[in-house]
Protein chains: 2
Amino acid sequence: MSSVSIKDVAARAGVSPGTVSNVLNRPEKVATSTRSRVERAIRELGFVRHGSASSLRAGHSRTIGLSVIDIGNPFFTDVATGVEDVASERGYAVILGNSSGDRLKEERNLLVFAEQRVRGVLITPSDEDLSRIDRLKERGICVVFVDHPAARADQCSVAVNDVTGGAMAVTHLLEGGARRIAYVTGPTTIRQCLERRQGAERALLAAGRTPATALQEISMTAMTARHGQQAAEKLLAQGPLPDGVFCANDLLALGVLRGLMHAGVRVPADVALIGYDDIDFASASAVTLSSVRQPTHRLGQVATELLLDECDNPDTHAHQQIMFQPELVIRESTSST
Amino acid sequence: MSSVSIKDVAARAGVSPGTVSNVLNRPEKVATSTRSRVERAIRELGFVRHGSASSLRAGHSRTIGLSVIDIGNPFFTDVATGVEDVASERGYAVILGNSSGDRLKEERNLLVFAEQRVRGVLITPSDEDLSRIDRLKERGICVVFVDHPAARADQCSVAVNDVTGGAMAVTHLLEGGARRIAYVTGPTTIRQCLERRQGAERALLAAGRTPATALQEISMTAMTARHGQQAAEKLLAQGPLPDGVFCANDLLALGVLRGLMHAGVRVPADVALIGYDDIDFASASAVTLSSVRQPTHRLGQVATELLLDECDNPDTHAHQQIMFQPELVIRESTSST
DNA sequence: GGCGTTCAGTGAAGCGCTTCGACAGCTGAT
DNA sequence: ATCAGCTGTCGAAGCGCTTCACTGAACGCC
């Protein structure tokens, strides 16, 4: 059973193993008649190239590693499908690693990638210490950052501008007539949360407002719907309600929405509400949720293209730090009409 | 640069390459003092075992392939994390393949798996023609079905009982006092939709009702929130409202909820509503959604354990077709109190 | 002291593939 | 007739590892 090797194919086609390898890897070097003879033998024997042998000899594999923080998060899922699309189209396999934000797990994943001698790695780093990334590069493995702008010019990255996104959201609230705005966010150690807040402040300044007085921040320990509901309760308890609420992600926003509705607050009539990420469920809630959409799928595609370009053309490759722009999605929760 | 091989380690530790290999693979065969000397050399040189060379020689790799229908679906995402957990704990890498329900893409993924000589494959088959699965097994690659009960005894599988789930949901509606029940479903070609309906009918019969008159089916072309909302509009247009609605998934249910609320129908006071899958957002909606939860994460874990057992102990391994039971999750949308 | 036994470690063979220098056969220019 | 320049194919070397038959040394035991 099984294990048809290149030799068997060669014997059947009456050529040498080297020629079979040429058919596989540089078909243009082989005369048409020989080629079709070999191809027939391959089909007849059901030959499948042995990837390990191939990459052992060739010195590189046709796999890439993808290490993300949480594959359960729709954001990363979308990124992953983008990666998968491009990779599989180019004949690459994707090895998935989920770090759960755990430094140790991430390191273990990177080790697995190194053992598999992946061609390159796509990674959303789980923290700012990038020494382990350098170690990969010393090994000759290309690395592209995903959703993390590279600080260095010798490093590709793709990310989405969170400052712009925050500004868009708050500008939209202001244009809808909001005066006092609350920013419901997760842990302030998260870069995205911080930058979205910066954007919010920038929007207030641009509208001639003072962030210190016009913006109230509610920081929660996690970014789930449950925490959003708690945030709403906090808002309700704290005295006069803001008339616009910007949440650092949609889950928080859905929680806030639920909390406000339970208290009889009307959205958007009493309070306008906007989230971030535009997850599927933003358009499924009782009051559909305005949000800021990121080109997640494209993020994965472009990251993969950059990575494969860097691998295939190490000399001509120009490192790029690509920053995508988010997009405002207006729905019922901010449409006061 | 880089590329520290087993030979370099051997030279540094003053042993033969074979001994280094033993330290890596059968540490108990090596004297403690030698072992620690080798381990130090490994650390000092930053040696990383070459997976391709290893699996070429050993005849099998430490990777498994996971082919799912839609990694964007939270169901599969949860399964994937379960798989990843077990695999990475046992030192296996997971190669991800997304078929998007496309037969061709699935076949391409399986080819990639075969080239990588994965140890085994976990697959949610995208259709019922399983000949390509047999071809894999001829190659000596173990296969475990995920969310698809195997019809054959020589094949492992894990799945969740959809008939039971459907019955649970409808029994719950009946116990809450519902008399006329609507089943909002997706395309009737989907096995899950059919079986959940069978469960619904079984529950009605058990309660002494006639499915033909007590159950009204609304079949939509897709299972999204938008389609759910359309289903609600259909229900509203069709005359007397049912007093219980069972949806084949949560997205449909959220759409129905939204459609009913917009029309001023109170949930659960006027209509009780239950979904399926217990996605995160079920507990985040304006009226939290009762649902049927499946042990998705566990599904992935168990599937992987079965697979690795079959790989590691081909002789003693007993094929199993495991059927998990779903679990009822009661929330506001069915709590008439 | 000779003998079997166990324990540690050796080293060569070879997994299936790619690569590259060698070479045969041919064409067309000299 | 000779030769340079191709094109197409061959075949051996070797990628880094595991495996296994083997060698020595150490240790009782009669």
Side-chain angles (χ1 to χ4, degrees), chain A residues 1-39 41-42 45-63 91 114-119 139-141, chain B residues 1-39 41-42 45-63 91 114-119 139-141:
Chain A
M1 51 162 295
S2 85
S3 267
V4 180
S5 87
I6 219 175
K7 270 190 203 163
D8 304 318
V9 175
R12 177 159 195 131
V15 296
S16 82
T19 301
V20 177
S21 174
N22 279 335
V23 171
L24 256 34
N25 301 303
R26 310 187 211 44
E28 75 283 359
K29 295 264 169 203
V30 180
T32 330
S33 66
T34 319
R35 187 167 64 212
S36 54
R37 205 144 32 91
V38 170
E39 280 164 352
I42 288 178
L45 295 175
F47 166 78
V48 175
R49 167 221 253 110
H50 195 306
S52 299
S54 162
S55 60
L56 170 58
R57 186 61 243 248
H60 57 253
S61 70
R62 292 188 74 76
T63 55
E115 283 196 357
Q116 299 298 322
R117 296 298 194 270
V118 294
R119 195 72 195 276
R139 287 225 158 67
I141 299 179
Chain B
M1 52 167 310
S2 88
S3 265
V4 180
S5 87
I6 220 175
K7 270 190 203 163
D8 304 318
V9 175
R12 176 156 195 134
V15 297
S16 81
T19 302
V20 177
S21 175
N22 279 336
V23 171
L24 257 31
N25 301 303
R26 311 187 211 44
E28 74 284 357
K29 295 264 168 202
V30 180
T32 329
S33 66
T34 320
R35 186 167 64 211
S36 55
R37 206 146 31 91
V38 170
E39 279 164 353
I42 288 177
L45 295 175
F47 166 78
V48 175
R49 168 221 250 109
H50 195 307
S52 299
S54 163
S55 60
L56 169 59
R57 186 60 243 247
H60 56 254
S61 71
R62 294 188 73 78
T63 55
E115 284 196 356
Q116 299 298 321
R117 296 297 194 272
V118 295
R119 196 71 194 277
R139 286 225 157 66
I141 299 179

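Keep in mind that what you see is a predicted model, and the values were worked out from it rather than measured. Protein chains get the first letters and strands the later ones, always in sequence-line order, with residue 1 at the start of each.
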Phosphate-side-chain proximity, Arg26(A) and dT19(C), N/O vs OP1/OP2 below 4.0 Å = yes

Tell me whether the OP1 or OP2 atom of dG8(D) has a side-chain N or O from Arg35(A) closer than 4.0 Å.
-> no

Would you mind telling me which of dT18(C), dT18(D), dC17(D) lies closest to the side-chain atoms of Asn25(A)?
-> dT18(C)

Leu24(A) has its side chain closest, among dT9(D), dT19(D), dT18(C), to dT18(C)

Do Ser54(A) side-chain atoms and His50(A) backbone N/O form a donor-acceptor pair below 3.5 Å?
-> no

Gap between atoms CZ and P, on Arg62(A) and dT18(C) respectively (whole Å) | 11 Å

Sub-3.5 Å donor-acceptor pair from the side chain of Arg117(B) to the main-chain atoms of Ala114(B), do we have one?
-> yes

Identified side-chain contact (heavy atoms from CB on, under 4.5 Å) partner of Val38(A) from the options Ile6(A), Val9(A), Val30(A) = Val9(A)

Rounded to the Å, how far apart are Ile6(B) CD1 and dC15(C) P?
-> 18 Å

Any side-chain N or O of Thr19(A) less than 4.0 Å from the OP1 or OP2 oxygen of dC10(D)?
-> yes

Spacing of His60(A) atom NE2 relative to dG16(D) atom C1', expressed in whole Å | 16 Å

Check every strand shown and say whether Val20(A) touches a base, only sugar-phosphate, or nothing at a heavy-atom separation below 4.0 Å.
-> nothing

To the nearest 0.5 Å, how far apart are CZ in Arg37(B) and OG1 in Thr32(B)?
-> 11.5 Å

Out of dC17(D), dG11(C), dG8(D), minimum distance to the side chain of Ser16(B) belongs to dG11(C)

OP1 or OP2 of dG16(D) under 4.0 Å from side-chain N/O of Ser5(B) = no

Among the nucleotides dT18(D), dT10(C), dG11(D), which one has an atom lying closest to any side-chain atom of Asn22(B)?
-> dT10(C)

Starting at CD1 of Ile42(A) and ending at P of dG16(C), how long is that distance when rounded to a whole Å?
-> 16 Å

Using a 4.0 Å heavy-atom cut-off across all strands, classify Val15(B) as base, sugar-phosphate, or nothing.
-> sugar-phosphate

Can you tell me the distance, in whole Å, between the CD atom of Glu28(B) and the P atom of dT6(C)?
-> 18 Å

Can you tell if the side chain of Arg49(A) reaches within under 4.5 Å of the side chain of Asn25(A), non-hydrogen atoms only?
-> yes

Rounded to the nearest angstrom, tell me the gap between atom CG in Leu56(B) and atom C1' in dG14(D).
-> 12 Å

Hey, is the side chain of Arg57(A) poking within less than 4.0 Å of OP1 or OP2 on dA13(D), counting only N and O atoms?
-> no

Quick one: Lys7(A) NZ to dT9(D) P, roughly how many Å, whole number?
-> 21 Å

For Ala53(B) and Leu56(A) the tightest heavy-atom approach is CB-CD1, 3.8 Å

Length of the NZ-P vector between Lys29(B) and dC20(D), whole Å | 11 Å

Side-chain contact check for Thr34(A): nearest option of dT18(D), dC17(C), dG8(D) is dG8(D)

Does a nitrogen or oxygen in the side chain of Ser54(A) sit under 4.0 Å from OP1 or OP2 of dC17(C)?
-> no

